[in-house]
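Only one structure is covered here, and it is reproduced in the block below.
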2 protein chains.
Amino acid sequence: MKPPTQNRANQTLVLALLRSQQRFMRAMGPAFRSANLTASQWDTLETLSNKGPLSVNDLMRLTLSSSGNLDVVVKNLVQAGFIEKAVDEKDRRVRVLCLTSEGHQKVADFMPTHNRTLDEIFSHLNAQQKRETITILNRFRKALD
Amino acid sequence: MKPPTQNRANQTLVLALLRSQQRFMRAMGPAFRSANLTASQWDTLETLSNKGPLSVNDLMRLTLSSSGNLDVVVKNLVQAGFIEKAVDEKDRRVRVLCLTSEGHQKVADFMPTHNRTLDEIFSHLNAQQKRETITILNRFRKALD
DNA sequence: GTTATTTATCCCTATATAGGGATAATATCA
DNA sequence: TGATATTATCCCTATATAGGGATAAATAAC
(Lines give C-alpha, C1' and ligand atoms only; values in the text may rest on other atoms or scores of the structure.)
Protein backbone atom coordinates (compact mmCIF):
# COMPACT_ATOMS: atom_id res chain seq x y z
CA MET A 1 0.00 0.00 0.00
CA LYS A 2 1.38 3.33 -1.07
CA PRO A 3 1.74 6.21 1.37
CA PRO A 4 -0.90 8.91 1.03
CA THR A 5 0.36 11.48 -1.42
CA GLN A 6 0.66 15.17 -0.78
CA ASN A 7 -0.37 15.97 -4.33
CA ARG A 8 -3.38 18.02 -3.33
CA ALA A 9 -1.50 19.94 -0.66
CA ASN A 10 1.42 20.55 -3.00
CA GLN A 11 -0.81 21.91 -5.75
CA THR A 12 -2.69 24.11 -3.31
CA LEU A 13 0.59 25.44 -1.97
CA VAL A 14 1.83 26.26 -5.47
CA LEU A 15 -1.37 28.07 -6.33
CA ALA A 16 -1.29 30.03 -3.08
CA LEU A 17 2.27 31.13 -3.74
CA LEU A 18 1.85 32.05 -7.39
CA ARG A 19 -1.45 33.85 -6.93
CA SER A 20 -0.09 35.78 -3.97
CA GLN A 21 2.81 37.01 -6.00
CA GLN A 22 0.57 37.88 -8.95
CA ARG A 23 -1.82 39.83 -6.78
CA PHE A 24 0.98 41.71 -5.15
CA MET A 25 2.59 42.61 -8.47
CA ARG A 26 -0.72 43.83 -9.83
CA ALA A 27 -1.19 45.99 -6.78
CA MET A 28 2.29 47.50 -7.21
CA GLY A 29 1.88 48.05 -10.94
CA PRO A 30 0.47 51.59 -11.00
CA ALA A 31 3.15 52.95 -8.64
CA PHE A 32 5.95 51.56 -10.77
CA ARG A 33 4.33 52.76 -13.94
CA SER A 34 3.88 56.27 -12.68
CA ALA A 35 7.61 56.32 -11.86
CA ASN A 36 8.48 54.95 -15.29
CA LEU A 37 10.15 51.94 -13.73
CA THR A 38 9.54 48.23 -13.93
CA ALA A 39 9.63 45.96 -10.89
CA SER A 40 12.90 44.42 -12.06
CA GLN A 41 14.46 47.79 -12.63
CA TRP A 42 13.50 48.88 -9.15
CA ASP A 43 14.77 45.63 -7.68
CA THR A 44 18.11 46.31 -9.36
CA LEU A 45 18.32 49.96 -8.36
CA GLU A 46 17.35 49.21 -4.77
CA THR A 47 19.91 46.41 -4.52
CA LEU A 48 22.68 48.62 -5.87
CA SER A 49 21.60 51.34 -3.47
CA ASN A 50 21.71 48.99 -0.49
CA LYS A 51 24.81 47.01 -1.33
CA GLY A 52 26.86 49.52 -3.27
CA PRO A 53 28.62 48.70 -6.57
CA LEU A 54 28.26 45.08 -7.61
CA SER A 55 29.41 42.86 -10.43
CA VAL A 56 26.83 41.57 -12.87
CA ASN A 57 27.33 38.15 -11.38
CA ASP A 58 26.76 39.29 -7.79
CA LEU A 59 23.68 41.17 -8.83
CA MET A 60 22.47 38.08 -10.63
CA ARG A 61 22.73 36.05 -7.43
CA LEU A 62 21.16 38.71 -5.22
CA THR A 63 18.17 39.25 -7.48
CA LEU A 64 17.89 35.59 -8.46
CA SER A 65 17.73 36.49 -12.11
CA SER A 66 19.23 34.69 -15.07
CA SER A 67 22.10 36.05 -17.12
CA GLY A 68 20.06 36.72 -20.22
CA ASN A 69 17.48 38.43 -18.09
CA LEU A 70 19.66 40.73 -16.06
CA ASP A 71 21.48 41.74 -19.20
CA VAL A 72 18.31 43.29 -20.58
CA VAL A 73 17.35 45.00 -17.34
CA VAL A 74 20.85 46.44 -16.97
CA LYS A 75 20.88 47.59 -20.58
CA ASN A 76 17.66 49.51 -20.08
CA LEU A 77 18.89 51.06 -16.83
CA VAL A 78 22.18 52.10 -18.44
CA GLN A 79 20.27 53.60 -21.35
CA ALA A 80 18.05 55.48 -18.91
CA GLY A 81 21.16 56.88 -17.24
CA PHE A 82 20.56 55.35 -13.81
CA ILE A 83 23.53 52.99 -13.66
CA GLU A 84 26.99 52.73 -15.17
CA LYS A 85 28.97 49.70 -16.21
CA ALA A 86 32.76 49.65 -15.89
CA VAL A 87 35.45 47.05 -16.37
CA ASP A 88 36.97 45.78 -13.15
CA GLU A 89 40.71 46.25 -13.61
CA LYS A 90 41.45 43.54 -11.05
CA ASP A 91 39.63 40.96 -13.16
CA ARG A 92 38.92 42.15 -16.64
CA ARG A 93 36.11 39.65 -17.13
CA VAL A 94 34.06 41.42 -14.49
CA ARG A 95 31.79 44.38 -15.12
CA VAL A 96 31.06 46.50 -12.08
CA LEU A 97 27.69 48.19 -11.91
CA CYS A 98 27.05 51.30 -9.86
CA LEU A 99 24.38 53.94 -9.55
CA THR A 100 24.93 57.26 -11.27
CA SER A 101 23.91 60.43 -9.49
CA GLU A 102 20.68 60.28 -11.48
CA GLY A 103 20.28 56.72 -10.21
CA HIS A 104 20.76 57.79 -6.60
CA GLN A 105 18.29 60.59 -7.17
CA LYS A 106 15.75 58.22 -8.67
CA VAL A 107 16.01 55.91 -5.67
CA ALA A 108 15.65 58.85 -3.29
CA ASP A 109 12.66 60.14 -5.25
CA PHE A 110 10.78 56.87 -5.56
CA MET A 111 11.49 55.35 -2.16
CA PRO A 112 8.85 57.40 -0.30
CA THR A 113 6.22 56.55 -2.91
CA HIS A 114 7.26 52.93 -2.80
CA ASN A 115 6.99 52.81 0.98
CA ARG A 116 3.64 54.52 0.95
CA THR A 117 2.33 52.10 -1.65
CA LEU A 118 3.49 49.12 0.38
CA ASP A 119 1.81 50.57 3.45
CA GLU A 120 -1.45 50.80 1.53
CA ILE A 121 -1.15 47.36 -0.01
CA PHE A 122 -0.38 45.74 3.34
CA SER A 123 -2.74 47.93 5.34
CA HIS A 124 -4.93 44.95 6.24
CA LEU A 125 -2.02 43.09 7.81
CA ASN A 126 -0.83 44.09 11.25
CA ALA A 127 2.82 43.93 12.36
CA GLN A 128 2.37 40.51 13.91
CA GLN A 129 0.81 39.10 10.75
CA LYS A 130 3.61 40.51 8.64
CA ARG A 131 6.17 38.88 10.89
CA GLU A 132 4.36 35.55 10.64
CA THR A 133 4.23 35.75 6.88
CA ILE A 134 7.91 36.59 6.67
CA THR A 135 8.82 33.73 8.99
CA ILE A 136 6.77 31.21 7.06
CA LEU A 137 8.13 32.37 3.71
CA ASN A 138 11.70 32.25 4.97
CA ARG A 139 11.18 28.70 6.15
CA PHE A 140 9.60 27.84 2.82
CA ARG A 141 12.55 29.28 0.92
CA LYS A 142 15.08 27.52 3.11
CA ALA A 143 13.28 24.24 2.46
CA LEU A 144 13.76 24.76 -1.28
CA ASP A 145 17.54 24.91 -1.11
CA MET B 1 5.64 62.57 16.61
CA LYS B 2 5.04 60.18 13.76
CA PRO B 3 3.98 56.60 14.33
CA PRO B 4 6.73 54.04 13.81
CA THR B 5 6.67 52.97 10.19
CA GLN B 6 6.48 49.44 8.95
CA ASN B 7 8.82 50.23 6.08
CA ARG B 8 11.44 47.69 7.05
CA ALA B 9 8.89 44.95 7.67
CA ASN B 10 7.09 45.73 4.43
CA GLN B 11 10.27 45.55 2.38
CA THR B 12 11.32 42.32 4.06
CA LEU B 13 7.92 40.85 3.35
CA VAL B 14 8.12 41.82 -0.31
CA LEU B 15 11.56 40.31 -0.66
CA ALA B 16 10.49 37.11 1.06
CA LEU B 17 7.53 36.76 -1.28
CA LEU B 18 9.33 37.55 -4.52
CA ARG B 19 12.38 35.45 -3.75
CA SER B 20 10.22 32.51 -2.70
CA GLN B 21 8.38 32.62 -5.96
CA GLN B 22 11.61 32.98 -7.95
CA ARG B 23 13.24 30.04 -6.20
CA PHE B 24 10.20 27.90 -6.74
CA MET B 25 10.00 28.73 -10.44
CA ARG B 26 13.67 27.98 -10.88
CA ALA B 27 13.19 24.62 -9.22
CA MET B 28 10.27 23.79 -11.50
CA GLY B 29 12.03 24.96 -14.65
CA PRO B 30 13.69 21.73 -15.78
CA ALA B 31 10.50 19.70 -15.46
CA PHE B 32 8.54 22.15 -17.58
CA ARG B 33 11.30 22.36 -20.11
CA SER B 34 11.57 18.62 -20.51
CA ALA B 35 7.83 18.57 -21.22
CA ASN B 36 8.15 21.41 -23.70
CA LEU B 37 5.76 23.51 -21.69
CA THR B 38 6.06 26.85 -19.95
CA ALA B 39 4.66 27.51 -16.49
CA SER B 40 1.91 29.70 -17.93
CA GLN B 41 0.99 27.10 -20.50
CA TRP B 42 0.69 24.46 -17.80
CA ASP B 43 -1.31 26.81 -15.61
CA THR B 44 -3.72 27.28 -18.50
CA LEU B 45 -3.95 23.60 -19.42
CA GLU B 46 -4.44 22.55 -15.80
CA THR B 47 -7.14 25.16 -15.27
CA LEU B 48 -9.02 24.07 -18.38
CA SER B 49 -8.66 20.46 -17.26
CA ASN B 50 -10.06 21.20 -13.81
CA LYS B 51 -12.81 23.63 -14.73
CA GLY B 52 -13.77 22.48 -18.20
CA PRO B 53 -14.27 24.86 -21.16
CA LEU B 54 -13.89 28.50 -20.23
CA SER B 55 -14.13 31.87 -21.93
CA VAL B 56 -10.96 33.87 -22.40
CA ASN B 57 -12.28 36.28 -19.81
CA ASP B 58 -12.96 33.58 -17.22
CA LEU B 59 -9.53 32.10 -17.78
CA MET B 60 -8.04 35.55 -17.38
CA ARG B 61 -9.67 35.92 -13.99
CA LEU B 62 -8.76 32.42 -12.80
CA THR B 63 -5.11 32.68 -13.81
CA LEU B 64 -4.82 36.36 -12.83
CA SER B 65 -3.28 37.21 -16.17
CA SER B 66 -3.76 40.27 -18.31
CA SER B 67 -5.55 40.28 -21.64
CA GLY B 68 -2.46 40.87 -23.71
CA ASN B 69 -0.69 38.16 -21.82
CA LEU B 70 -3.23 35.40 -22.00
CA ASP B 71 -3.67 36.10 -25.68
CA VAL B 72 -0.09 35.05 -26.34
CA VAL B 73 -0.23 31.98 -24.13
CA VAL B 74 -3.48 30.85 -25.75
CA LYS B 75 -2.09 31.47 -29.22
CA ASN B 76 0.89 29.24 -28.51
CA LEU B 77 -1.29 26.53 -27.01
CA VAL B 78 -3.66 26.61 -29.99
CA GLN B 79 -0.69 26.41 -32.34
CA ALA B 80 0.65 23.44 -30.38
CA GLY B 81 -2.72 21.75 -30.81
CA PHE B 82 -3.55 21.50 -27.11
CA ILE B 83 -6.57 23.79 -26.99
CA GLU B 84 -9.26 25.02 -29.35
CA LYS B 85 -10.99 28.35 -29.55
CA ALA B 86 -14.61 28.61 -30.65
CA VAL B 87 -17.17 31.39 -30.86
CA ASP B 88 -19.87 31.20 -28.21
CA GLU B 89 -23.12 31.35 -30.17
CA LYS B 90 -25.00 32.70 -27.14
CA ASP B 91 -22.73 35.74 -27.02
CA ARG B 92 -20.71 36.19 -30.15
CA ARG B 93 -18.12 38.37 -28.39
CA VAL B 94 -17.06 35.41 -26.28
CA ARG B 95 -14.45 32.83 -27.30
CA VAL B 96 -14.73 29.52 -25.51
CA LEU B 97 -11.50 27.63 -24.93
CA CYS B 98 -11.38 23.89 -24.42
CA LEU B 99 -8.77 21.16 -24.39
CA THR B 100 -8.35 19.05 -27.52
CA SER B 101 -7.78 15.32 -27.13
CA GLU B 102 -4.06 16.07 -27.47
CA GLY B 103 -4.47 18.61 -24.69
CA HIS B 104 -6.17 16.09 -22.41
CA GLN B 105 -3.42 13.63 -23.23
CA LYS B 106 -0.71 16.17 -22.44
CA VAL B 107 -2.26 16.89 -19.05
CA ALA B 108 -2.53 13.18 -18.32
CA ASP B 109 1.07 12.64 -19.41
CA PHE B 110 2.64 15.50 -17.51
CA MET B 111 0.62 15.39 -14.31
CA PRO B 112 2.56 12.49 -12.75
CA THR B 113 5.87 14.19 -13.55
CA HIS B 114 4.55 17.44 -12.20
CA ASN B 115 3.40 15.80 -8.96
CA ARG B 116 6.68 13.99 -8.55
CA THR B 117 8.61 17.21 -9.09
CA LEU B 118 6.53 19.04 -6.51
CA ASP B 119 7.09 16.20 -4.07
CA GLU B 120 10.83 16.58 -4.52
CA ILE B 121 10.81 20.36 -4.33
CA PHE B 122 8.70 20.31 -1.16
CA SER B 123 10.39 17.27 0.35
CA HIS B 124 11.81 19.31 3.21
CA LEU B 125 8.38 20.52 4.27
CA ASN B 126 6.10 18.18 6.17
CA ALA B 127 2.32 18.15 5.83
CA GLN B 128 1.85 20.45 8.79
CA GLN B 129 4.32 22.98 7.44
CA LYS B 130 2.63 22.95 4.05
CA ARG B 131 -0.71 23.61 5.69
CA GLU B 132 0.74 26.49 7.65
CA THR B 133 2.26 28.01 4.55
CA ILE B 134 -1.01 27.70 2.65
CA THR B 135 -2.95 29.26 5.51
CA ILE B 136 -0.57 32.19 5.82
CA LEU B 137 -0.51 32.81 2.08
CA ASN B 138 -4.28 32.66 1.85
CA ARG B 139 -4.55 35.23 4.60
CA PHE B 140 -1.97 37.36 2.84
CA ARG B 141 -3.86 37.21 -0.42
CA LYS B 142 -7.15 38.02 1.22
CA ALA B 143 -5.54 41.05 2.86
CA LEU B 144 -4.59 42.34 -0.58
CA ASP B 145 -8.16 42.46 -1.91
C1' DG C 1 54.83 28.06 -20.08
C1' DT C 2 51.47 25.88 -22.81
C1' DT C 3 47.08 23.53 -22.54
C1' DA C 4 42.70 22.65 -20.33
C1' DT C 5 39.22 24.23 -17.43
C1' DT C 6 36.60 27.39 -15.10
C1' DT C 7 34.38 31.79 -14.76
C1' DA C 8 32.02 36.26 -16.17
C1' DT C 9 29.70 38.35 -19.43
C1' DC C 10 27.12 38.92 -23.54
C1' DC C 11 24.15 37.57 -27.40
C1' DC C 12 20.30 35.00 -29.55
C1' DT C 13 15.75 33.08 -29.64
C1' DA C 14 11.32 32.05 -27.89
C1' DT C 15 7.97 33.12 -24.77
C1' DA C 16 5.74 35.81 -21.12
C1' DT C 17 3.94 40.00 -19.28
C1' DA C 18 1.37 44.42 -18.89
C1' DG C 19 -1.11 48.33 -20.44
C1' DG C 20 -3.61 50.73 -23.75
C1' DG C 21 -6.09 51.27 -27.98
C1' DA C 22 -9.09 49.23 -31.63
C1' DT C 23 -13.04 46.57 -32.82
C1' DA C 24 -17.15 44.12 -32.62
C1' DA C 25 -21.03 42.40 -30.06
C1' DT C 26 -24.21 43.17 -26.51
C1' DA C 27 -26.85 45.73 -23.17
C1' DT C 28 -28.99 50.03 -21.55
C1' DC C 29 -31.77 53.79 -21.84
C1' DA C 30 -34.23 57.86 -23.64
C1' DT D 1 -35.75 52.47 -32.51
C1' DG D 2 -31.57 54.89 -32.07
C1' DA D 3 -27.75 56.68 -29.34
C1' DT D 4 -24.73 55.41 -25.72
C1' DA D 5 -22.27 52.55 -22.67
C1' DT D 6 -20.42 48.28 -21.46
C1' DT D 7 -18.12 44.09 -22.34
C1' DA D 8 -15.01 40.54 -24.62
C1' DT D 9 -11.48 39.96 -27.33
C1' DC D 10 -7.53 41.07 -29.99
C1' DC D 11 -3.50 43.72 -31.45
C1' DC D 12 0.63 46.64 -30.64
C1' DT D 13 4.69 47.96 -28.16
C1' DA D 14 8.04 47.68 -24.65
C1' DT D 15 10.09 45.01 -21.38
C1' DA D 16 11.08 40.76 -18.78
C1' DT D 17 12.45 36.05 -18.54
C1' DA D 18 15.10 31.76 -19.29
C1' DG D 19 18.35 28.76 -21.40
C1' DG D 20 22.08 27.89 -24.26
C1' DG D 21 25.96 29.08 -27.00
C1' DA D 22 29.90 32.24 -27.96
C1' DT D 23 33.75 34.78 -26.32
C1' DA D 24 37.27 36.49 -23.49
C1' DA D 25 39.75 36.50 -19.27
C1' DA D 26 41.63 34.08 -15.50
C1' DT D 27 43.03 29.92 -13.18
C1' DA D 28 44.64 25.20 -12.85
C1' DA D 29 47.13 21.23 -14.55
C1' DC D 30 50.92 19.33 -16.31
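For the numbers below, each heavy atom of this structure counts, side chains included, while hydrogens, waters and symmetry mates do not.
Separating the CG atom of B/Asn36 from the C1' atom of D/dA18 is a distance of 14 Å, rounded to the nearest angstrom. In this structure, CZ of A/Phe24 is placed 17 Å from P of C/dT17, rounded to the nearest angstrom. Spacing between atom CG of B/Leu77 and atom P of C/dA16 amounts to 7 Å, rounded to whole angstrom units. Distance CZ (A/Arg33) to P (D/dT15): 14 Å, rounded to an integer number of Å. The distance from atom CG of A/Leu59 to atom P of C/dC10 is 12 Å, rounded to the nearest whole Å. If you take CG of A/Asp71 and P of D/dG20, they are 17 Å apart, rounded to a whole angstrom. If you take CG of B/Asp43 and P of D/dT17, they are 17 Å apart, rounded to a whole angstrom. Distance CD (A/Gln79) to P (D/dA16): 11 Å, rounded to an integer number of Å.
When each of A/Ser66 and A/Lys90 is assigned the nucleotide of DNA chain D with its nearest heavy atom, A/Ser66 is the one assigned upstream, toward the 5' end. Nucleotides of DNA chain D nearest to A/Glu89 and A/Val72 differ in position, and the one nearer the 5' end is that of A/Val72. With DNA chain C read from its 5' end, the first of the two nearest nucleotides for B/Asp91 and A/Gln22 is the one closest to A/Gln22.
Applying the 4.0 Å criterion to OP1 and OP2 of D/dA18, one finds that A/Asn69 has a side-chain N or O inside that range. Between C/dA24 and B/Arg92, no contact under 4.0 Å exists linking OP1 or OP2 to a side-chain N or O. Residue B/Ser40 places none of its side-chain N or O atoms closer than 4.0 Å to OP1 or OP2 of C/dA16. In terms of phosphate contacts, B/Lys85 brings a side-chain nitrogen or oxygen within less than 4.0 Å of OP1 or OP2 of D/dC10. Within the 4.0 Å cut-off from OP1 or OP2 of C/dA16, at least one side-chain nitrogen or oxygen of B/Thr38 is found. Taking 4.0 angstrom as the limit, A/Asn76 places none of its side-chain polar atoms (N or O) nearer than this to OP1 or OP2 of D/dA14.
For A/Asn57, counting side-chain heavy atoms from C-beta on, the closest listed nucleotide (D/dT15, C/dT9, C/dG20) is C/dT9. Residue B/Ser55 has its side chain nearest to D/dT9 when only D/dT17, D/dT9, C/dT9 are considered. Ranking C/dC10, C/dA16, C/dG20 by closeness to the A/Arg95 side chain, first place goes to C/dC10. The side chain of A/Gln41 lies closest to D/dA16, out of C/dT9, D/dA25, D/dA16. Side-chain atoms of B/Val94 lie closest to D/dA8 of the nucleotides D/dA8, C/dA16, C/dA18. Looking at the side chain of A/Val73, the nearest of the listed nucleotides D/dA16, D/dA18, C/dT26 is D/dA16.
Judged by distance alone with a 3.5 Å cut-off, a donor-acceptor contact links the side chain of A/Arg93 to the base of C/dT7. For B/Ser67 against C/dG20, a side-chain-to-base donor-acceptor contact under 3.5 Å is present.
Surrounding CD of B/Gln79 are at most 12 heavy atoms belonging to other residues, nucleotides or ligands under 6.0 Å away.
Taking all atoms of both residues into account, the shortest heavy-atom contact from B/Ile121 to B/Ala27 is CD1-CB, 3.5 Å. The shortest heavy-atom contact between B/Thr63 and A/Arg19 is CA-NH2, 3.6 Å.
In this structure, B/Thr47 OG1 and B/Leu62 CG are separated by 6.5 Å, a value rounded to the nearest 0.5 Å.
When only modelled atom types and interatomic distance are considered, B/Asn10 and A/Asp119 share a side-chain donor-acceptor pair under 3.5 Å.
Ring centroid separation for the pair B/Phe32 and B/Phe110 comes in under the 6.0 Å cut-off.
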